[in-house]
Amino acid sequence: MSYALWLLIKFRKTIYTLHTDSVFSAKNGFSFTSIGRGLLFYSAGIFIIRVFENILNKPAVKGESVAYNLGRDFGAALSDRIPLLVIVFWVLMPN
């Protein structure tokens, strides 16, 4: 969570420089790229944590296959990450 807060502060500083510098300067481009990559790593890390959390916290139900439970856990973890991934891909989109 502190990593996401650090990225938010870095994004805020980049937004303030948009008023003074050119929007397409190399410095702003580097900042957006590093923020996008950081959010991508953050999202992937939280995804992996949520999948393991779902696997460990759900009791095994008789009659459900392991593949079904794993797919359900992947889907639940991925559905929470989609809004952040849309923002990441928008920030990392090439010109």
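- Taking CZ of Phe74 as the reference point, atom CD1 of Ile48 lies at 9.0 Å (rounded to 0.5 Å).
- Note: Glu53 CD to Asp73 CG = 10.5 Å, rounded to the nearest 0.5 Å.
- There is no path of hydrophobic side-chain contacts, each under 4.5 Å, that joins Phe41 to Phe52.
- Between Tyr42 and Leu84, some side-chain heavy-atom pair lies under the 4.5 Å cut-off.
- Formation of a donor-acceptor pair under 3.5 Å by the Ser79 side chain with backbone atoms of Ala76 is found in this model.
- In this structure, the side chains of Leu85 and Leu40 come closer than 4.5 Å at one or more pairs of heavy atoms.
- Crowding of Arg37 atom CZ: a count of heavy atoms from other residues, nucleotides or ligands under 6.0 Å not exceeding 12.
- The salt bridge (charged side-chain N to carboxylate O under 4.0 Å, His left out) pairs that include a residue from residues 75-86 number zero, where partners must be two or more places apart or lie in different chains.
- Taking both residues in full, the closest heavy atoms of Val88 and Gly36 are given as CG1-O, 3.5 Å, listed atom of the first, atom of the second, then distance.
- In terms of hydrophobic clustering, with Ile, Leu, Val, Met, Phe, Trp and Tyr side chains grouped at heavy-atom distances under 4.5 Å, Ile87 and Phe89 are assigned to a common cluster.
- Atom CD1 of Ile82 sits about 10.0 Å away from atom CZ of Phe47, to the nearest 0.5 Å.
- Tracing side-chain contacts under 4.5 Å through hydrophobic residues (I, L, V, M, F, W, Y), one never reaches Val51 starting from Leu56; they form parts of separate clusters.
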